[in-house]
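Read the structure below first, then the notes.
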Amino acid sequence: MTETKIDPRTSALLVMDYQHGIVAQLPDAEELVERAASVIAFARERGMQIGYVRVAFTGADAEAMPDTSPMAAMVKSRLDELHADAPTTAIHDAVAPRDGDIIVRKTRVGPFLTTDLDQQLRGNGIDTVILAGISTSGVVLSTVRDAADRDYRVIVLADGCADPDAEVHTFLTERIFPRQAQVMTIAELAEAR
């Protein structure tokens, strides 16, 4: 592996969909959350910007979704669980945000379309996004594609991401993401200078 250089002044760690209701659906959730907490601590020590993305809806968000949207039926049938004020949509306590962190609430799979995340990152001089998220086939895939199209340097932390289907996670991190992102482990990130 070639030496990776990461400038903490222009890099942001994006912690995506680490919410109580989503984390609870995963096998080995405790280990995943511990790994995420460790990379957040590392990023804070290095002075990186931390950004949190969560998916949650208000009644107005659900009503605004057209019936043709594949997501609409699911959101409308589970609105109590997916509501912006529901405990299940809160960011997991073990990886909770702090003052000064970027926090956005999205209403689609990817974090850019329905939020001001791009403006906040650019306003902070960020050109590199480091991704940890659930699920690999959802928010992580959408973010890799969209962030690359927006000309960010993209790094995916393979062991900071998870998917309900382990084979899909492996396929994406080994075969698809390397086309638009650098894929590494949390330990490799810690070794980058």
Which ring pair (Phe, Tyr, Trp, His ring centres under 6.0 Å) pairs, counting each pair once, include a residue from residues 163-193, with sequence neighbours left out?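 For residues 163-193, and leaving out neighbouring residues, there are no ring pair (Phe, Tyr, Trp, His ring centres under 6.0 Å) pairs at all.
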Mark yes when over 12 heavy atoms from residues, nucleotides or ligands other than D67 sit less than 6.0 Å from its CG; otherwise mark no.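 Not buried by this count: 12 neighbours or fewer within 6.0 Å.
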Quick one: which of R105, H83, R108 gives a side chain to side chain donor-acceptor pair (under 3.5 Å) with D61?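 The residue from R105, H83, R108 that satisfies side chain to side chain donor-acceptor pair (under 3.5 Å) with D61 turns out to be R105.
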Can a donor-acceptor pair be found, under 3.5 Å and without considering hydrogens, that links the side chain of T143 to the backbone of G110?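 Judged by distance alone, no pair lies under 3.5 Å.
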Exam field: side chain D116 to backbone Q119, donor-acceptor pair closer than 3.5 Å: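 Side chain of D116 to backbone of Q119, a donor-acceptor pair under 3.5 Å: no, none is there.
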Which residues pass the side chain to side chain contact (heavy atoms under 4.5 Å, CB included) test with R145, sequence neighbours left out?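 Partners of R145 under the side chain to side chain contact (heavy atoms under 4.5 Å, CB included) test: L141, I176, Q180.
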Could you tell me which residues satisfy side chain to side chain contact (heavy atoms under 4.5 Å, CB included) with T88, sequence neighbours excluded, listed by chain and number?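 With neighbours one apart ignored, the set is E81, A86.
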Would you check if [X] and [Y] make a side-chain contact, meaning some heavy-atom pair closer than 4.5 Å?
{"X": "K5", "Y": "D7", "answer": "no"}
{"X": "V156", "Y": "C161", "answer": "yes"}
{"X": "T115", "Y": "V53", "answer": "no"}
{"X": "L14", "Y": "P111", "answer": "no"}

Nearest-0.5 Å distance that lies between atom [atom1] in [X] and atom [atom2] in [Y]:
{"X": "I155", "Y": "L131", "atom1": "CD1", "atom2": "CG", "answer": "9.0 Å"}
{"X": "L157", "Y": "Q182", "atom1": "CG", "atom2": "CD", "answer": "10.0 Å"}
{"X": "D165", "Y": "T170", "atom1": "CG", "atom2": "OG1", "answer": "9.0 Å"}
{"X": "L13", "Y": "I130", "atom1": "CG", "atom2": "CD1", "answer": "6.0 Å"}

Test log, rule side chain to side chain donor-acceptor pair (under 3.5 Å), inputs E188 and T4: CA-CA 9 Å; E188 290 169 335; T4 300; over 6 Å; no
For [X] against [Y], the heavy-atom pair lying closest together:
{"X": "A148", "Y": "V154", "result": "N-CG2, 3.9 Å"}
{"X": "V168", "Y": "S137", "result": "CG1-CB, 3.7 Å"}
{"X": "A56", "Y": "T107", "result": "O-CG2, 3.6 Å"}

Atom pairs and distances, donor-acceptor, side-chain atoms in residues 121-129, under 3.5 Å, two or more places apart:
unit_1, atom_1, unit_2, atom_2, d
R122, NE, D118, OD1, 3.0
R122, NE, D118, OD2, 3.3
R122, NH2, D118, OD1, 3.4
R122, NH2, R150, O, 2.6
N124, ND2, Q120, O, 2.9
D127, OD1, T10, OG1, 3.3

Residues 15-26, side-chain donor-acceptor partners within the protein, below 3.5 Å, at least two apart:
unit_1, atom_1, unit_2, atom_2, d
D17, OD2, K106, NZ, 3.1
Y18, OH, G160, O, 2.8
Q19, OE1, V55, N, 2.6
Q19, NE2, V55, O, 3.0
Q19, NE2, T89, O, 3.2
H20, NE2, D93, OD1, 3.3
Q25, NE2, G21, O, 3.2

Return a table of donor-acceptor pairs under 3.5 angstrom between the side chains of residues 35-48 and protein atoms on other chains or two or more places apart.
unit_1, atom_1, unit_2, atom_2, d
R35, NE, D159, O, 2.6
R35, NH2, D159, O, 3.4
S38, OG, R35, O, 2.7
R44, NH1, D101, OD1, 3.0
R44, NH1, D101, OD2, 3.3
R44, NH2, Y52, OH, 3.4
R44, NH2, D101, OD2, 2.7
R46, NH1, A192, O, 3.2
R46, NH2, I6, O, 3.3

Treat each ILVMFWY residue as a node, draw an edge where side-chain heavy atoms are under 4.5 Å apart, and state whether M74 and L79 are in one component.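 Same cluster.
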Result of checking D163, L32, V139, V33 against I134 for side chain to side chain contact (heavy atoms under 4.5 Å, CB included):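 Only one option passes, and that is L32.
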